[in-house]
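Below is one structure; the comments refer to it alone.
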Amino acid sequence: MAVVHEKELLCKKFLSKTQKLLIDGKWVDAKSGKTFETINPATEEVLCRVAEGSKEDVDLAVKAARRAFESGPWKTMSTAQRAKLLLNLADLIEKNADELAQLETLDNGKPIKESRYVDVPQTVETFRYYAGWATKLEGETINANSNFFTYTLREPVGVVGQIIPWNFPMLMMAWKWGPALACGNTVILKPAEQTPLTALRIGELAMEAGFPDGVINIVTGFGGDGAGEAISRHMDIDKVAFTGEDKTGKLILQASTGNLKRVSLELGGKAPNIVFADADIDAAVKGAITGIFFNQGQVCCAGSRLFLEESIHDEFMTKLKERVAKMRQGDGSDEKTHIGPQVSKEQQERVLNYIEIAKGEGATVACGGQSPADMKKGFFVQPTVLTGVNNTMRIAQEEVFGPVLAVIPFKSMDEVAEQANATTFGLSGAVWTRDIKKAHKFASLIKAGTIWVNCYNVFDPAVPFGGYKMSGYGRELGKHSIELYTNIKSVWVNMMD
Ligand code: NAI
Ligand code: MG
């Protein structure tokens, strides 16, 4: 297997050291002295050791973030200077794009082409987009009563805790830091324990970009009983933003009640991807593949339920199977790889277990269905398509978070709309049709935060993203993220003589 040779490994220097926490502008060991391993999921080799932050370290990070928020250069700098820092960071990420792409692929397993052409450029674009917002935050004057001059101020929320997952480590960091920093907050980031490396490298770049001490803090470590829980419980954190599993979201919300901190949650999904007989079938086949196999299926908006109109079911399945058979699975560092390993042994086992559950429920494996026999190492699961699924089965209701597509035939528009919505989630959905009326009708019928028409997994920092129902609340990206990271203050001035 052709993997990146060591001499080409731009992140070698970074990987040669034990990673520390970023607190108050300094790289420090965890107070406990503990560290944990981060692993390359394609080879199962240890990439390096990382400081295991806990409550004590979170306390120090919060103190630094509080001080940086209440006093010092961050509070008094102009919004243009704030924008410049975000632009500096974007430029530095772009300058180090190849190294960051390698690091993301080594830590997460995703194909290097995706790291290089999706994760890194979207991270850069997100910072540039929110740099633009820093200078455009406004309050309003309100003509309520001529006896008073009434206006609003839009102010930062304060100290923000951000807990992110392992599926898009650097991009999720950008979605969180971009708006929080543009609005003038200070942050404590907890990357996922499986994939802490790119956040730490970008933390180094943030220091180089010139962010004042304490504005950006990174505490690596675990979730429950670790740094994650300490953040969600902390009495001096004003807001917590989370992306991850719905169960974890509930725990974070419960832990937040001590000081009623603001919470935004971006949780899982079980997206319906609906193909009508009048669709461009070849385009829809490609869309179904992008929808479920991109990032090894580890995507909250993955199109994991494929609804096919009965009359095209067989033709569609033939074309789908042909294309899936051509997908090259392997080490993400190999340029030719289309699909890499799952992020961890735990996730590999979870996905394989769901395939067994589906078989037990009566589903048929149309392709894939297991770990590839020729891969001796790595947490691989073959791209898998299951037919004979109905919408009430566990495989159609629970988030697998892996390369497993459940195919469900349908007869009528009403039937498919009802089934598409018969899920506890509501993050996204897609419809494939040439009928413009049908497309718009579906866009309004589906209870989800994003609908794609004749496309899948399209993103832009300007377009809001977030969930209905148990997929969470709050909208990230676009101007909507500004709402998450600001408070509105109303000021009344007596104008009466
Ligand atoms: P998770 O939700 O437990 O982990 C995400 C982040 O939350 C990590 O940084 C973790 O350390 C932290 N965390 C965990 N427990 C916490 C707690 N009690 N308090 C505060 N922080 C906590 O997700 P996990 O266990 O890695 O994956 C399990 C499943 O979750 C996946 O199979 C998938 O279905 C779903 N998931 C969904 C994601 C999404 O983007 N919606 C991303 C990652 C996982
Ligand atoms: Mg968990």
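One-based numbering, in listed order, for ligands and for the atoms of each.
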Open item on the list: Would you compute the distance between atom OG of Ser371 and atom CZ of Phe379 and round it to the nearest 0.5 angstrom?
Closed with: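 Rounded to the nearest 0.5 Å, the OG-CZ separation comes to 10.5 Å.
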- [ ] List for me each residue that meets side-chain contact (heavy atoms from CB on, under 4.5 Å) alongside Glu125, sequence neighbours excluded, and say none if there are none.
- [x]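 Only Pro461 meet the side-chain contact (heavy atoms from CB on, under 4.5 Å) criterion with Glu125.
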Open item on the list: Going by salt bridge (Lys or Arg N to Asp or Glu O under 4.0 Å), name the pairs with one or both residues in residues 160-169, residues two or more places apart or in two chains.
Closed with: none
Task: Residue list, salt bridge (Lys or Arg N to Asp or Glu O under 4.0 Å) with Glu52, at least two apart or on another chain - done: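 Glu52 satisfies salt bridge (Lys or Arg N to Asp or Glu O under 4.0 Å) with no other residue.
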- [ ] Would you kindly check if the NZ (Lys) or CZ (Arg) of Lys239 is within the cone defined by 45 degrees around the ring axis of Tyr485 and under 6.0 Å from the six-membered ring centre?
- [x]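 Yes, a cation-pi geometry holds between Lys239 and Tyr485.
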Task: Centroid separation Phe222 to Phe36 less than 6.0 Å - done: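 So the answer is yes for these two rings.
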- [ ] Tell me the residues surrounding ligand 1, counting only those with a heavy atom closer than 4.0 angstrom, sorted by chain and number.
- [x]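 If the criterion is a heavy atom under 4.0 Å, then ligand 1 touches Ile163, Ile164, Pro165, Trp166, Asn167, Lys190, Pro191, Ala192, Glu193, Gln194, Phe222, Gly223, Gly224, Gly228, Glu229, Phe242, Thr243, Gly244, Glu245, Thr248, Leu251, Ile252, Leu267, Gly268, Cys300, Gln347, Arg350, Glu399, Phe401.
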